[in-house]
Amino acid sequence: MLRTWRQRITLTDIVVWAIGVAIGAVIIIGTIATLRSGKYSANTWLDLTVKGLALGGVYALIAMGYTLVYGILRMINFAHSEVFMSGPFTAVFLANALSRSGFMDRQPLIGMLLVLALSIAVSMTIAVLLERIAYRPLRHAPRLVPLITAIGASFFLQYVFRGLYGSGFQAYAIPKVLQGSITIGGLRIFNTQIAVILGALGMMFALYAIVQWTKTGKAMRAVSEDKEAAALMGIDVDRIISLTFALGGISAGAAGILYALLFPVVNFIMGFIPGLKAFTAAVLGGIGNVPGAFLGAMILGLIESIGPNLFLDGLGVPTPSQLKDAIAFTILVFILIFRPTGILGERMAQSKA
Amino acid sequence: MAEVLVSKKLTKRFGGLEALSRIDLEVQENSIQSIIGPNGAGKTTFFNCVTGFYTPEEGEIFFYTHNLTGLSPDRVTKLGVARTYQNIRLFKNMTVVENILVGMHPHMKAGLIQGILRDRATRREEQESLEEARRLLRFVGLRGRGDMMAMNLPYGEQRRLEIARAVASRPKLLLLDEPTAGMNPSETQDMVHFIRRLRDELGITILLIEHQMRVVMNISELITVLDFGEKIAEGTPAQIQKDTRVIEAYLGRGAASGLGQQQSALAG
Amino acid sequence: MHTKSISPWKEAVQAGLIAGAIAVLLNLVGMTTAFSGRYIVSGWFTMGQVLFLVPMFILAYTTARKIAPQPAMHTALAGLVCGVIGSAVQAGLVLLGQVVNLRAMFINASPQLFEILTFGRDLPGLLLLLLAGSIMGVVGAVIFLLPERLAKSVLQALLWILLLGLLRDLVSTVTAQWVIKTKAFPDWLGWAGVLITSLSTFINKTIYSASGLKPLSAIVLFLLVGAWAYWRYGRPKRARITGPLTRRQQTQRVLGLGGIALLFILLPSILGIFFAEILDNVGLYILMGLGLNIVVGFAGLLDLGYVAFYAIGAYAMGVLTSPELGFFNLTFWEALPFALLATVIAGVILGLPILKMRGDYLAIVTLGFGEIVRLLALSDWLRPWLGGTQGIQRIGQPTIGSIILDSQQDLYYLFLAAIGIVAFIAWRLKDSRIGRAWMAIREDEDVAMAMGINHVATKLLAFATGALFSGLAGTIFAAKLHSVYPHSMNFLVSINVLSLIIIGGMGSIPGVFVGAFVLIAAPDLLREFAEYRYLAYGALLVAMMLTRPEGLWPEERRRLELHEEEGEVPLGEPPPVLNTPGG
């Protein structure tokens, strides 16, 4: 106890805590005011919860890419949002062609799987090429260098895809089976939401199984602990890093299709905001930690869908949903300040010596 | 004689592992002392605790009358403790002189505004610091190297620059982490001589971590031996060379019988 | 030593495929088509053709370097293989386009593209494509075989031809308005008018044609530039380190700086009104670049939310001066100190908590902060104060006496004055105690702390100084447009600034100027390019980090140790070591 006193309380800490307390107070007061006003029914909140879970599922899959790569290279793959965008932005052409020809309605499952496969293939290819061309030569460079490269790659990819497929929004044709909704006890749930939640859970479980139980997964964990030692044990480090990027790409490609089910338009900047949010989710859960990414994403999804109404409506903020992204980013800033290791994380944002 | 540095029951843990456990250590003013021990014994961890990079879980460190425990590295340095690193850590993309000028940072005063206006006092301060840096360069034998990028220096000179940079902060206590690592015998001899001069001519108390036994036995007035985070022996070079626990730590338990051999091994 | 044996033919085939892939990408993103109207050498070839042929050239050159040493014949053949394969891949694209409707997916796979790729001769044109590709490959490989000095001169001359060809419109517009200006010359300057008019005629009629260079002048220029480069490469290279200068060098330096200053002052007159807007833009980005250079270049803090401070400066100016909101109704100059204070406070408040973080986390947090500021400015919640999506109009304009600085040209001088001040500050700080502390933190934060540098306070100084300069740019920007909109405060602004300082050279003050002129002026001057601006920035950032992380104009270090009379001790012989008299 005495020890902590000796570490002087600095101005920094005071400012940080002051801001933290202020925001905490706003959240609590806002929540109480909103709940008191009784403006929203329980069903609305449940509705928003389902929406949040679906969103969280998508974020979780994108966050996998950040978390796996960070775990193994200690690097934020800034271009991961474009890995995410590339898949659905390409697959939309297949999806629409299949819809037009009627194949999607006749064989919705096969059709969806084809679209999913294409999206995954494209995202995976982009992720692997990115690592091979842009990151691998810089593995021993100072930390800022790969990060700047990643930012450059991100913009390059965005505008390459804009050049290839155009700058407009492409509507994504949702198969008929997934249109519509079911009602359980007065609560209306869209079919797409169910598909997204189930799909995300399935993918997450598969990825977790790969990382946890396969030989490759063990090699990945070994490389993330200590590259030199892993190499000495006969692990091909380059191959494992490539595989990690591939895995991140696969989950991003799948996430892309699920995202397109929730928001059925795609374009070249669709990756930026979800990418940033997924990164937030990864950090929230503890970057480098697979279950953490899932947990963080679910929490973020819920906060994003419920938060604006719950926290801000009672304070008389008009159209609070405009601020949902601002809330998500505020969370990002504050986790990084107060608990950079995240909820489940062990990795340190600030290490000493 | 006064104690420069005193650590009392210093303990540092990483997870479940005790990297240092209850280390008591005293460094006398104007002495040259060494810490030795096998790899992973906690020597560098001890340095990191002293210089404020780690906060120990238990115990305290005093520097003269100042309690260093929990202070940030910059404050420790300002009090008069400087250090070098096992793997040389220079400011690679700065020139040799600039490296030394950074070392003088705590003694200079110019802030942001003075830096912009460059008034008379600031100009004089810069000029004086530059003169001192040049003197220091001559002292460590780097005369004529001042305008090279630090990363372009040969290995041995990088080591000396690192020490010069530490000396530039006018320390009363200098912690050297394996100053002769990777040096050939004649360079090592030079370094030993140089460390003595730091003490004799500049009056800096020196605590060093060293692996080369020849250096340790030659230079130290007092040696502390660490093994698995514990202090297992302390004494003059002659005492340490005879200590069976030290020999065991270095050569393994079974080896304690053939004492003569190990003594020669320890003597380097 | 185990060396990987390189099979030259495998390398050549691989290079050809890569070249083909790059060219197909350039074709499909539409760059080839966009640049097909821009002749480099009139009647000979366009920029579009350069784009789809140059990959073969470059890859043949790099392959030749990779497989060296090889007999000359083999090198040339490898180049040929690379060129043929590269163009064959593109020919494949054309053929595919005949069978499948590529355009359903790739919007730029238009008939026009295929026409360009076949040189307007339908399918037989594919043979021409193959021929052109193989020539490119062979030439690329053969240039490598030339002596290095000659090869470098040829490459440089080729680059200059490309550049001069691209700049045709700029040069002709500028010279045309020179001629107009001569009409206003007094009689006694008549001779100058004649000189300028004939120079303009010479440039526009003899060197350039209506589009691109004239073939003959292109050849002459190629030889001239080549010869000049050849001569220059023969001279010993000057070290990139500046030191205490001799009297003569000092005079030269003062004259040089004065000349540059004069050039900047005269620039609007030289270039004409048409370019004033572009110059303002460049000025704005130089101002921001100088500020971010302190944060990123000096202190090594990757700030991706730099636009936030720019927005705060602009909005503060808006809130303080706009009669529309009617809060304060200050004038520009009255509001300026408050607006700047607001940005510094914002910088400190954001900086305090986040500066404990390391590089990459810092980048993301600042990015998040930038987005938060933009979203708040956009929101209905703050609409009464910040105007929401409509922004703020009727922002006060700077005045000097009774003159309102509102023309683009006046604002240019305002920017110039601000740049002068900020560049001076940056230059002074670079070699000060604080500047060295910043660089020490950039190089190794832990060690910097162990040197007695308080890392949070020092980083905070850099962050706040950067914020101040960004805010200054924001206030002038607001005054320039008379208004601010949340949409002009997006992430791309931060990326523009970041790109320009990295490409110019991190930590280098002249680098900021170079970067701004290259990155900001180029897309404005070449309209076709504007579309591909961020694609090019991204590619440039990656290429720069991979090959030349120090940038176009690398940071210079000052020489501090040596007096004029002393010499540097050569590295071979170690200097007297330890028995020199102590200090």
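Computed from heavy atoms alone, side chains included, the values below leave out hydrogens, waters and symmetry copies. Naming convention: chains lettered A, B, ... in sequence-line order (proteins, then strands); numbering from 1 in each chain.
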Spatial distance of atom CG (C/L535) from atom CZ (A/F161) [nearest 0.5 Å]
11.0 Å
Could you have a look at C/L376, C/V365, C/D380, C/L352 and say which one has the most heavy-atom pairs with chain A under 4.5 angstrom?
C/D380
For A/R132, does the CZ atom sit with more than 12 other heavy atoms under 6.0 Å from it, leaving out its own atoms?
no
side-chain contact (heavy atoms from CB on, under 4.5 Å) assessment of A/F155 paired with C/I495
CA-CA 9 Å; A/F155 273 82; C/I495 288 300; 3.4 Å; yes
Smallest heavy-atom separation, A/R162 atom then C/E531 atom, equals NH1-O, 3.5 Å
Quick one: which of C/R533, C/M545, C/M544 has the most heavy-atom pairs under 4.5 Å with chain A, could you say?
C/M545
So, the part of A/F93 with a heavy atom under 4.5 Å from chain C: the answer is side chain
Go through C/E371 and A/I273 one step at a time and tell me if the side-chain contact (heavy atoms from CB on, under 4.5 Å) criterion holds.
CA-CA 10 Å; C/E371 283 296 298; A/I273 295 287; 4.0 Å; yes
For the candidates C/V456, C/I502, C/L540, which exhibits the highest count of non-hydrogen atom pairs separated by less than 4.5 Å from chain A?
C/I502
Side chain, backbone, both or neither: which part of C/L304 has a heavy atom under 4.5 Å from chain A?
side chain
Tell me, side chain or backbone of C/L492 under 4.5 Å from chain A's heavy atoms, or both, or neither?
side chain
With rounding to the nearest 0.5 Å, note down the distance linking CG in C/L362 to CG in A/L147.
10.0 Å
How long is the gap from CD1 on A/I151 to CG on C/L498, to the nearest 0.5 Å?
5.5 Å
Measure the CG-CZ distance between C/L546 and A/R136 for me, rounded to the nearest 0.5 Å.
13.0 Å
Under a 4.5 Å heavy-atom cut-off, does chain A meet the side chain of C/A543, its backbone, both or neither?
neither
Checking heavy atoms, do the side chain of C/L367, its backbone, both or neither come under 4.5 Å from chain A?
side chain
Let me confirm one number: the CG-OG1 distance from C/L375 to A/T330, rounded to the nearest 0.5 Å.
9.0 Å
Under 4.5 Å to a heavy atom of chain A? For C/V542 that would be both
I'd like to verify something: which residue of A/L276, A/V160, A/I133 has the highest number of heavy-atom pairs under 4.5 Å with chain C?
A/V160
Residue from C/L378, C/I372, C/L541 scoring the most non-hydrogen pairs under 4.5 Å with chain A is C/I372
Walk me through it: do A/L164 and C/N108 pass the test side-chain contact (heavy atoms from CB on, under 4.5 Å)?
CA-CA 7 Å; A/L164 291 178; C/N108 286 304; over 6 Å; no
At a 4.5 Å cut-off on heavy atoms, which part of A/I327 comes close to chain C: side chain, backbone, both, or neither?
neither
Please evaluate residues C/Y361 and A/I76 with respect to the criterion side-chain contact (heavy atoms from CB on, under 4.5 Å), reporting the C-alpha separation (whole Å), side-chain torsions for both, the decisive distance (0.1 Å), and the verdict.
CA-CA 8 Å; C/Y361 274 33; A/I76 297 173; 4.1 Å; yes
Taking side chain as everything from C-beta outward and backbone as N, CA, C, O, which of these in C/M506 sits under 4.5 Å from a heavy atom of chain A? Side chain, backbone, both or neither.
side chain
Check whether C/L28 gets within reach of chain A through its side chain, its backbone, both or neither, counting any heavy atom under 4.5 Å.
both
Report yes if some heavy atom in the side chain of C/M105 is under 4.5 Å from a heavy atom in the side chain of A/T90; otherwise report no.
yes
Under 4.5 Å heavy-atom distance to chain A, tell me which part of C/F106 shows up: side chain, backbone, both or neither.
both
Max heavy-atom pair count under 4.5 Å with chain C, selected residue of A/V145, A/L157, A/V92, A/I19
A/V145
Compare all side-chain heavy atoms of C/I364 with those of A/V283 and state whether any distance is below 4.5 angstrom.
no
Which atoms of A/S154 are under 4.5 Å from chain C, going by heavy atoms: the side chain, the backbone, both sets, or neither?
neither
In terms of the angle between their ring planes, are A/F78 and C/F491 parallel, tilted or perpendicular, with boundaries placed at 30° and 60°?
tilted
